[in-house]
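Have a look at the structure below, then the notes.
Note that ligands are numbered from 1 as they come in the structure, with each ligand's atoms numbered from 1 the same way. FYI, the numbering just counts along the sequence from 1. In this text, all values refer to a predicted model and were calculated from it rather than measured experimentally.
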Amino acid sequence: MPKHLTQDQVDSYRRDGFLSPVDLLSLEEASRFRAALEAAEARWSQALAGAGRNNAHLVLGCLDEITHHPGILDAVEDLIGPDILVYGSVLFIKEPNDPGFVSWHQDATYMGIDPFRGVTAWLALSESNTTSGCMRMMPGTHKDEIRAHTDTFSEENILTRGQTIEDVDEDLAVDLPLKPGQLSFHHPRIIHGSRPNRGSDRRIGFAVQSYLQPVSRQTICRTHAQLARGTDVYGHFDPAPRPAGNMSADDVSLWNQVGEQWTEILYHGAGQRRDY
Ligand SMILES: O=C(O)CCC(=O)C(=O)O
């Protein structure tokens, strides 16, 4: 018996490789988290730019709260079972009229996790729709192997390497509009992307990328993860503590260490690097 999702939702995730929209936070909660995040961005603007958008749940109380939200973890448990690690997180923010886009890709390609037993949760903290550049998915492609990706390093591409799958039949894509407080789940092999934000508000997405079963392994370099629920009998990751408030010195030190590990992982074998 699922804890948060219906059996139909679980079945549709298994069939399509994504599930959306899922109601999780109230509008008030989402507004509170957005305000806390934006206050942190104003105060620590340098630290939270570029690669600082990765794993900010290790240093900001509001993102830690989302990451360990019992309702989100219930839904994750419905999809991957009771033992749950938080591997990492990414803030996907597109400013108003921002040319930034996300090319068609499969997350598992460059994350170095094998076996990759997990799911990404993408929470909207502002309207994410076709105007603001919501995510788009290619249903069923999670059942395929990893496709060939070209590293474009295109300036407006938000992905680390601008990695792109070239021959995607966009007519088959499904838009995933979300209201603030709703989230979507997606599988590590689903082909997905998003267009630029043509709207007048920020498009703010917070992705826990990903929640993992502890059997999953990082194959490129040893790194950290947090146990969110259940037990980890494998010990494939070093335990990362939850943050003590915002930007404490110890938490920032761990965050920087994980940032270096992620750079090694995400740019493994790449011809060039950039600052995120
Ligand atoms: O936020 C976006 O538009 C894309 C996010 C994404 O690619 C992901 O969460 O895997």
Side-chain angles (χ1 to χ4, degrees), residues 13 16-22 24 30 34 37 50-51 53-57 63 66-67 72 75-76 79-80 86-113 116 118-139 141-142 146-147 149 151-152 154 156-165 168 170 173-180 182-199 201-212 262 265-266 276:
Y13 174 81
D16 297 333
F18 63 88
L19 177 64
S20 182
V22 177
L24 238 315
R34 175 175 180 170
L37 173 65
R53 300 228 160 150
N54 295 338
N55 295 313
H57 69 289
L63 299 185
I66 294 171
T67 302
I72 298 179
V76 171
L79 298 176
I80 69 167
V86 176
Y87 172 71
S89 71
V90 182
L91 279 163
F92 285 104
I93 299 177
K94 293 180 192 164
E95 301 299 337
N97 292 308
D98 183 347
F101 71 100
V102 173
S103 50
W104 294 113
H105 69 287
Q106 291 162 297
D107 295 337
T109 313
Y110 295 115
M111 284 178 70
I113 300 175
F116 198 144
V119 64
T120 290
W122 196 104
L123 174 72
L125 291 180
S126 64
E127 284 284 342
S128 184
N129 52 32
T130 50
T131 305
S132 65
C134 62
M135 274 201 293
R136 309 171 73 213
M137 301 271 159
M138 296 293 292
T141 51
H142 64 304
I146 296 292
R147 302 259 295 267
H149 287 62
D151 292 350
T152 67
S154 142
E156 282 153 0
N157 195 322
I158 299 175
L159 298 177
T160 43
R161 306 167 176 230
Q163 60 264 35
T164 305
I165 302 173
V168 170
E170 301 208 9
V174 174
D175 292 318
L176 266 55
L178 295 173
K179 304 224 161 292
Q182 291 184 320
L183 59 71
S184 60
F185 289 105
H186 66 265
H187 186 281
R189 277 199 315 278
I190 189 84
I191 297 177
H192 62 291
S194 67
R195 291 176 167 143
N197 180 2
R198 305 283 181 214
D201 190 14
R202 311 177 82 196
R203 195 220 64 170
I204 306 174
F206 175 61
V208 179
Q209 189 146 55
S210 301
Y211 289 106
L212 296 180
W262 271 42
I265 293 163
L266 294 173
Y276 61 92

Option whose closest heavy atom lies nearest to atom 4 (C) of ligand 1, chosen from Met135, Arg136, Arg195: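 The option holding the nearest heavy atom is Met135.
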
Nearest candidate to atom 10 (O) of ligand 1, where distance is taken over non-hydrogen atoms, out of Arg203, Gln106, His192, Met111: His192

For ligand 1, the portion of Met137 having any non-hydrogen atom under 4.0 Å away: neither

From CG (Asn129) to CZ (Arg198), nearest 0.5 Å: 13.5 Å

Straight-line distance of Glu95 CD to Arg202 CZ, nearest 0.5 Å: 4.0 Å

Cation over ring face, Arg161 and Tyr110, 6.0 Å, 45°: yes

Numbering as shown, the atoms of ligand 1 that approach [X] to under 4.0 Å (heavy-atom distance):
{"X": "Gln209", "value": "8 (C), 9 (O), 10 (O)"}
{"X": "His105", "value": "7 (O)"}
{"X": "Ser194", "value": "2 (C), 3 (O)"}
{"X": "Asp107", "value": "10 (O)"}

Neighbour count above 12 (heavy atom, 6.0 Å) for Arg53 CZ: yes

ring-ring contact (aromatic ring centres under 6.0 Å, His included) assessment of Trp262 paired with Tyr87: CA-CA 11 Å; Trp262 271 42; Tyr87 172 71; 5.5 Å; yes

Any N or O of His186 closer than 3.5 Å to N or O of ligand 1: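 Yes: some nitrogen or oxygen of His186 is under 3.5 Å from one in ligand 1.
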
Whether His186 and His192 hold their rings parallel, tilted or perpendicular, with breakpoints at 30° and 60°: tilted

